[in-house]
Protein chains: 2
Amino acid sequence: MISNSSKYAVKAVLYLALNSSESHKILAKDISSPTNIPKAYLAKVLQELSRHNIVSSVKGPGGGFYLSEDNKKIPIMKIIHVIDGDNRLTSCMLSLQECDEENPCPMHDLVGNTKVNFVKNLEQNTVEDLVEDIREGKSFLPL
Amino acid sequence: MISNSSKYAVKAVLYLALNSSESHKILAKDISSPTNIPKAYLAKVLQELSRHNIVSSVKGPGGGFYLSEDNKKIPIMKIIHVIDGDNRLTSCMLSLQECDEENPCPMHDLVGNTKVNFVKNLEQNTVEDLVEDIREGKSFLPL
DNA sequence: CATATAAAGGATAAAAATGTCTTTTAATCT
DNA sequence: AGATTAAAAGACATTTTTATCCTTTATATG
């Protein structure tokens with residue numbers, strides 16, 4: 001579905017969304033333990049997210065990672081795009097160049113609107129939206 | 001979304017569905033060219049599919065691969081399951097053990113019914129169904 | 001300024017996925 | 001039976017993904 005790295009990325013971002021703020025930054029190693037993501041690898045993923053302004057970071061004492069208000073408005077799909085590239089979820093299921101809405105391949109056709117909606121949801125929903133769902137008890141994040 | 005190997009598998013099965021029969025078997029190498037799948041690797045994939053009775057095969061002169069009537073009734077999802085394992089598409093997007101319908105994770109909740117329908121389509125539609133769509137011009141298979 | 005802190009970056013390592021090649025087994029045909 | 005055909009199986013090579021470790025850079029504080 002999505003890569004392991006993207007799962008790590010989404011988990012880490014949600015963890016930050018729930019537990020950090022500009023005045024309460026969190027160290028990579030302190031995200032690693034509760035989320036069960038290998039420390040050094042998570043650091044790499046966070047680095048990549050930081051480079052693309054999906055998470056915010058500050059070096060040195062009192063530093064760490066956190067989400068700015070802007071970061072919280074980022075759609076989940078963007079996290080996945082940064083880590084997995086653009087086509088993993090959105091391209092035709094058989095990776096056929098010639099396949100599009102006009103000339104759909106059999107899988108494209110089969111999957112139809114369900115996949116379109118699926119992707120649309122990921123594009124429209126932001127980190128903030130997911131946090132709200134968690135806060136309202138609509139969903140849970142068992143890390 | 002699904003692995004390269006699964007894409008190869010689905011392509012090869014569809015190719016067989018469209019071009020082979022018990023009285024007209026096709027060699028692995030003759031599927032390789034039109035589908036642009038590496039010959040030796042395709043052979044491996046077909047071997048695996050054959051072992052799981054998703055395609056039929058006969059050794060020796062006049063032999064090759066083909067789809068029996070039973071093979072054509074196999075749901076697309078089964079092809080994917082044999083190659084990718086059971087959980088790639090169906091498990092929770094974050095691979096959380098504790099996530100289910102009762103206690104959905106935020107992604108689970110987000111994706112909601114769209115993913116369920118997506119998977120359901122793959123489970124319900126058979127090779128035969130896709131072939132029919134192609135024959136009726138509802139979809140195209142540009143290999 | 002010196003020191004400690006913590007992310008950024010670079011170099012490797014390990015594992016999994018993808019791909020290739022060679023040998024073996026089963027079937028057909030003369 | 002012997003020769004030929006084609007899948008099955010096994011061994012190996014390459015690439016990508018995942019993971020670790022070490023060094024460098026930026027920041028804060030005494």
Side-chain angles (χ1 to χ4, degrees), chain A residues 1-13 16 20 22-33 35-68 71 80 82-85 87-88 95, chain B residues 1-13 16 20 22-33 35-68 71 80 82-85 87-88 95:
Chain A
M1 182 61 64
I2 60 177
S3 72
N4 239 301
S5 302
S6 270
K7 289 176 191 176
Y8 290 168
V10 172
K11 276 195 206 180
V13 168
L16 284 172
S20 80
E22 184 155 9
S23 59
H24 180 65
K25 308 186 183 67
I26 306 188
L27 308 188
K29 63 174 179 185
D30 293 333
I31 304 174
S32 163
S33 321
T35 54
N36 287 309
I37 303 171
K39 190 165 65 78
Y41 195 60
L42 173 62
K44 284 289 174 201
V45 171
L46 286 171
Q47 201 174 301
E48 189 76 9
L49 294 176
S50 174
R51 200 177 305 131
H52 288 86
N53 300 308
I54 287 173
V55 304
S56 303
S57 70
V58 173
K59 289 183 182 178
F65 295 92
Y66 67 100
L67 296 194
S68 68
N71 292 154
I80 297 172
V82 163
I83 304 294
D84 283 349
N87 298 53
R88 183 145 186 162
S95 303
Chain B
M1 180 62 65
I2 60 177
S3 72
N4 240 301
S5 302
S6 270
K7 289 175 188 175
Y8 291 168
V10 172
K11 276 194 202 180
V13 168
L16 284 173
S20 80
E22 184 155 9
S23 59
H24 180 64
K25 306 185 184 67
I26 305 188
L27 308 189
K29 63 175 178 184
D30 294 332
I31 304 174
S32 163
S33 320
T35 54
N36 288 308
I37 304 171
K39 190 164 66 75
Y41 195 61
L42 172 62
K44 284 288 174 200
V45 171
L46 285 170
Q47 201 175 301
E48 188 75 10
L49 294 176
S50 172
R51 200 177 306 133
H52 287 86
N53 300 308
I54 286 174
V55 304
S56 302
S57 69
V58 173
K59 287 183 183 179
F65 294 93
Y66 69 99
L67 295 195
S68 69
N71 292 153
I80 296 171
V82 162
I83 304 295
D84 284 350
N87 298 52
R88 184 145 184 161
S95 304

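Predicted, not measured: the structure shown is a model, and the values here were computed from it. Below, each value reflects all heavy atoms present in this structure, side chains not excepted, and no hydrogens, waters or symmetry copies. All chains are named by letter (A, B, ...) in the order of the sequence lines, taking the proteins before the strands, and each is independently numbered beginning at 1.
The phosphate of C:dA8 (OP1 or OP2) has a side-chain N or O of A:Ser57 nearer than 4.0 angstrom. Taking only side-chain nitrogens and oxygens, B:Tyr8 never comes nearer than 4.0 Å to OP1 or OP2 of C:dT18. OP1 or OP2 of C:dA7 has not a single side-chain nitrogen or oxygen of A:Arg51 nearer than 4.0 Å. Phosphate contact (OP1/OP2 of D:dA8, side-chain N/O of B:Ser50, threshold under 4.0 Å): present. For the OP1/OP2 pair of C:dT18 and a distance below 4.0 Å, the side-chain nitrogens and oxygens of B:Ser5 include at least one atom meeting the criterion.
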Using a cutoff of under 3.5 Å, can you pull out all pairs of nitrogen or oxygen atoms linking the protein to nucleotides 20-23 of chain C, with atom names and distances?
none

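For A:Glu22, there are no salt bridge (charged side-chain N to carboxylate O under 4.0 Å, His left out) partners, not counting sequence neighbours. By the side-chain contact (heavy atoms from CB on, under 4.5 Å) test, B:Thr35 pairs with B:Tyr15, B:Ile31, B:Ile37, B:Leu143, sequence neighbours left out.
B:Gln47 places its CD atom 12 Å from the C1' atom of C:dT25, with the value rounded to the nearest Å.
The shortest distance between side-chain heavy atoms of B:Ile80 and B:Arg88 does not fall below 4.5 Å.
Inspection of the B:Tyr8 and B:Ser3 side chains reveals no N or O donor paired with an N or O acceptor under 3.5 Å.
Within 4.0 Å of B:Ala43, counting heavy atoms only, lies no atom of the nucleic acid at all. As judged by a 4.0 angstrom heavy-atom cut-off over every strand, A:Leu49 is placed among residues making no nucleic acid contact.
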